[in-house]
Amino acid sequence: MKVFSTLIFVSGLISTALAHWNYNNLIVNGKVVGSPYQYIRPTTNSNSPITDVGSTNMRCNQGGGSGSSTQTYTVKAGDEVGFGIADVFGHPGPQQVYLSKAPSTAATYDGSGSWVKIYSLTTSSIASDGIKWASDGIKSFRFTLPSSTPPGEYLLRAEGLALHGASTKGGAQFYIGCAQLKVTGSGSGSLNQSVKFPGAYTGSEPGILINLYWPTPTNYTVPGPAVWPSDTEQHSVKQL
Ligand SMILES: *[C@@H]1O[C@H](CO)[C@@H](O)[C@H](O)[C@H]1NC(C)=O
Ligand SMILES: *[C@@H]1O[C@H](CO)[C@@H](O)[C@H](O)[C@H]1NC(C)=O
Ligand SMILES: [Cu+2]
């Protein structure tokens, strides 16, 4: 029995780590640019999630506070961008992306400024057997960098929220990765509807503190501000 339970314990650990992910590839206009982590800040916690919404690690993950080893990729406002992952979105929940303008360069920016949400991929369906997530079974997602994004250097922050253990406060898991972008063009939007990290979440939102399994949820409210510049939630995904 002892051997048996040890085996279960070990395989539990393995499948837990295998269910996790890192955002490692930047996608621009339909293709991966560069090599993994060339334009995305690496983390120092392997693929473990952040669970303390009050931590500065909510900005760009543990070890992502500066980008000295990361390059900055030039895009135009209105380009299509996206993220690829290692290895699978192995836990249920939404995928959201936030954008923050650097005071000077993206590489030296710690993410302490204001962030707007520019992408929110949520449920594909909600039925009597529960919520189906649009990120089920995918390995990448793509979206438009708003054409009104003003020129400058930015951090583009992918956030995957895992809700399998979210029925108690602090049980939700945040998987985070920041890409460094230089945006060109003549966008002149105002980056309003912004939030800070930490600060954007309290951890008690109905979309963060939620029991996915019982009673079966019949609705889902994604946490965070409205999507900028026009409030649109995505229910299906454009993969690479
Ligand atoms: C943000 O700016 C746009 C365009 O100026 C405006 O329509 C919108 O109401 C603003 N939103 C907020 C939350 O201030
Ligand atoms: C679902 O709707 C109820 C009633 O409006 C609300 O109290 C609850 O917070 C919502 N749940 C989620 C996860 O959005
Ligand atoms: Cu896990």
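Computed from a predicted model, the values in this text were never measured in an experiment. We count ligands from 1, going down the list as the structure has it; atoms in each ligand are counted the same way.
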Is there a side-chain contact between Tyr73 and Gln38 (heavy atoms, below 4.5 Å)?
no
Might you check, step by step, whether the distance between atom 3 (C) of ligand 2 and some protein heavy atom is under 4.0 Å?
yes
Restricting to salt bridge (charged side-chain N to carboxylate O under 4.0 Å, His left out), what partner residues turn up for Lys169, sequence neighbours left out?
none
Thr221 heavy atoms, cut-off 4.0 Å: which ligand 2 atoms fall inside?
12 (C), 13 (C), 14 (O)
Looking at atom 9 (O) of ligand 2, what's its closest protein heavy atom, distance included?
Pro206 CB, 3.3 Å
Interfacing atoms of ligand 2 (cut-off 4.0 Å, heavy-atom, Ile210):
13 (C)
Tyr98: which of Trp115, Phe197, Tyr154 passes ring-ring contact (aromatic ring centres under 6.0 Å, His included):
Phe197
So which of Ile208, Leu209, Ile131, Asn219 gets nearest to atom 8 (C) of ligand 2, if we judge by its closest heavy atom?
Asn219
Flag His164 as yes if one of its N/O/S atoms falls below 2.8 Å of the Cu ion (ligand 3), otherwise no.
no
If I consider every N, O or S atom in His20, which one ends up closest to the Cu ion (ligand 3)? I only need its name.
NE2
Tyr109 and side chain to side chain contact (heavy atoms under 4.5 Å, CB included): which partner among Ser100, Ser104, Cys178?
Ser100
Contact check, side chains of Phe174 and Pro49, non-hydrogen atoms, under 4.5 Å:
no
